[in-house]
Undergrad: 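Sharing a structure, written as C-alpha cells. Questions coming.
Counting starts at 1 for both ligands and their atoms, in listed order. Every value quoted in this text rests on a predicted model; they were computed, and no experiment measured them.
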Amino acid sequence: MTATATRVLVLNSGSSSVKYQLLDMADGRRLAVGLVERIGEENSRLAHTPLATGGEKRETEGAIADHETALKTVAAELSADGLGLDSPQLAAIGHRVVHGGLRFTEPTVIDGAVLKEIERLVPVAPLHNPANITGIRTAQALRPDLPQVAVFDTAFHSTMPEYAARYAIDVETADAHRVRRYGFHGTSHAYVSRRTAALLGKDPSEVNVIVLHLGNGASASAVAGGRCVDTSMGLTPLEGLVMGTRSGDIDPAVTFHLKRVAGMSADEIDELLNKKSGLLGLCGDNDMREIRRRIDEGDERAALAFDIYIHRLKKYIGAYYAVLGRVDAVVFTAGVGENAAPVREAAVAGLEELGLAVDAGLNAVRSDEPRLISPEYARVAVAVVPTDEELEIAQQTYALVSA
Ligand code: AMP
C-alpha cells in the first residue's frame with residue numbers, strides 16, 4: 001500500500017447480484033456506488049453512480065453471464081470516471097462475508113487458508129457464503145497484489161456468552177454439526193450501537209442498547225457496553241423477528257408436522273419459511289409501505305400482519321430489557337426502522353412503565369440523520385440511526401490494512 005492509498009472498494013456479492021461502493025477513507029467520502037442485478041439472466045442490469053464527479057446514475061441492461069463478468073463491468077464503469085481498480089490510490093477491497101462461524105471474530109485479510117475456511121462454512125450458510133467466495137475469487141483475479149479483507153456478518157455477535165449462543169439440545173450432536181446461534185447483520189448492529197452511544201454523548205463502553213435492525217430481513221440485538229450479549233437470529237437468519245418473507249421464531253415441530261402431514265420435503269419447508277412467510281405469507285405483501293397503505297384502506301389481513309409483526313418486536317424489546325437489566329437506548333434502523341414511523345410508535349406503545357415512550361412530533365420527522373424520538377422526560381432514549389454497513393466494512397477494512 002502506498003502512502004496515498006486511502007480508497008477502499010466494498011463488495012457485497014449475493015447469489016445473483018453485486019452491490020459495491022468505493023469510499024475514500026481520508027474523509028469518508030463515497031466516490032461511486034452501484035449495483036449489478038440478475039447476474040446469469042438475459043436482462044441483467046447495472047446501475048452505477050459516479051458521486052466523485054457529480055455524474056448522473058448510469059443504467060445499462062443486457063446479459064451479464066457470471067460474477068466475473070459483473071466485476072469486470074463494474075471495473076470498466078469505475079475506470080470511465082478515473083476511479084479504476086488499477087488506481088494506486090486503492091488500498092484494499094473489503095468483502096461482506098455472511099458466515100464466519102466460530103473461527104472469524106474479526107475482519108481478516110484473505111489468504112488461501114482463510115478462503116478455505118470460508119468454504120468450510122458453506123454447509124451452515126449455503127445461500128450466502130458461495131456467492132461471497134465467488135466475489136472474493138473474482139476480485140483477487142482482477143487485483144492479485146491488493147489486500148482483500150473479509151468482514152463477517154457474524155463477527156459482532158461472537159461476544160455472546162455461551163448460555164445465549166447455545167441451543168438447549170444434545171451437546172455432542174450440536175458440536176458435531178456446528179449447530180449454535182451465530183447471529184447476522186453484525187456490521188449493522190456494530191455500527192448502529194456505536195453511533196447511538198455517540199448520539200447520547202457517551203462512549204460505547206458506558207451504554208446498554210437494544211438495536212432493532214428492521215429491513216426486509218430483521219434482527220434485534222442486546223448490546224452491553226459495546227459488546228453483543230444476545231441477538232435474535234441464530235444458526236441461520238431465519239430465527240427471531242417476523243421479517244419480510246421469513247417467519248422468524250416458530251415451534252420447530254411445525255417443520256416435522258409439515259413433513260409428516262403435508263408431505264413437504266425439507267427444501268420445500270425451507271423455501272416456505274424463508275421466502276413465503278413473514279409479512280408476505282401473512283398478507284401477500286412484504287413492503288411495509290404497501291402494508292400501511294392497505295391498513296389505511298381498512299384491509300384486515302394487512303392489519304393482522306402488522307399486529308403480529310409488532311407483537312414479536314415487543315416481545316424482543318421486553319426480553320432484551322430483561323437480559324440487559326438497564327437500558328439506555330432502544331434504536332431503530334434499516335428500511336422499516338428508519339422510515340416507518342407507525343412501526344416505531346406501535347413497538348414502544350404501552351411500555352411507559354419501562355421508561356420507553358415516543359414523541360409523536362419527533363417520530364414524524366423524516367431525516368437521514370441519527371436522531372432521538374423520545375420525549376425529554378423519558379428514562380430510556382428511543383432513537384433512529386440510519387445504518388451504513390458499507391461504511392463500517394470500509395472502516396474495518398482500512399483499519400486492518402493501514403495498521
Ligand atoms: P432494507 O432491507 O433495509 O433495504 O429494507 C427494505 C424494506 O424497508 C422494504 O421492504 C420496506 O418494507 C421498508 N421501507 C423502505 N422504505 C420505507 C418507507 N418509506 N416506509 C415504510 N417502509 C419502508
Side-chain angles (χ1 to χ4, degrees), residues 10 12-21 33-37 47 96 98 127-128 131 153 183-193 195 211-221 231-233 236-238 240-248 274-297 299 301-310 312-313 331-348 358 360 362-371 373 383-393:
V10 176
N12 181 352
S13 307
S15 56
S16 64
S17 69
V18 176
K19 277 192 227 160
Y20 62 94
Q21 289 198 4
V33 302
L35 169 68
V36 189
E37 289 174 292
R96 174 189 182 213
V98 169
L127 298 178
H128 295 103
D153 255 31
F184 298 87
H185 291 144
T187 44
S188 177
H189 287 279
Y191 175 83
V192 169
S193 56
R195 199 70 194 72
V211 181
L212 304 170
H213 175 113
L214 310 177
N216 197 31
S219 61
S221 68
T231 194
S232 59
M233 285 178 165
T236 77
L238 183 55
L241 299 174
V242 175
M243 312 183 207
T245 66
R246 296 188 195 121
S247 62
N274 273 296
K275 305 216 169 120
K276 298 182 187 160
S277 296
L279 292 170
L280 181 71
L282 287 167
C283 75
D285 271 307
N286 61 329
D287 192 313
M288 192 52 82
R289 284 164 289 204
E290 190 55 21
I291 290 168
R292 289 304 310 174
R293 196 191 59 70
R294 283 172 56 186
I295 293 172
D296 289 344
E297 287 176 355
D299 186 318
R301 264 182 78 193
L304 179 60
F306 185 82
D307 289 348
I308 294 170
Y309 183 94
I310 296 296
R312 186 81 53 84
L313 199 50
V331 55
F332 291 86
T333 193
V336 175
E338 291 166 28
N339 296 298
V343 168
R344 299 191 297 253
E345 185 192 332
V348 170
V358 158
L362 293 174
N363 192 33
V365 173
R366 300 193 66 83
S367 162
D368 293 334
E369 293 299 315
R371 58 200 185 274
I373 57 168
V384 180
V385 173
T387 192
D388 197 337
E389 289 165 281
E390 288 78 16
L391 178 61
E392 179 71 18
I393 292 173

Undergrad: Answer yes when R294 and E297 have at least one side-chain N-carboxylate O distance shorter than 4.0 Å, and no when they do not.
TA: no
Undergrad: Checking H189 against T231: is there a side-chain donor and acceptor pair closer than 3.5 Å?
TA: no
Undergrad: Once salt bridge (charged side-chain N to carboxylate O under 4.0 Å, His left out) is applied, do any residues pair with D287, and if so which ones, sequence neighbours excluded?
TA: R289
Undergrad: For ligand 1, what are the residues with a heavy-atom contact below 4.0 Å?
TA: G215, N216, N286, D287, M288, R289, A334, G335, V336, N339, A340, R366
Undergrad: Residues in ring-ring contact (aromatic ring centres under 6.0 Å, His included) with Y309, at least two apart?
TA: none
Undergrad: Dump the intermediate steps for side chain to side chain donor-acceptor pair (under 3.5 Å) on R246 and N216, then the final yes or no.
TA: CA-CA 9 Å; R246 296 188 195 121; N216 197 31; over 6 Å; no
Undergrad: Among all residues two or more places apart in sequence or in another chain, which pass the ring-ring contact (aromatic ring centres under 6.0 Å, His included) test with F306?
TA: none
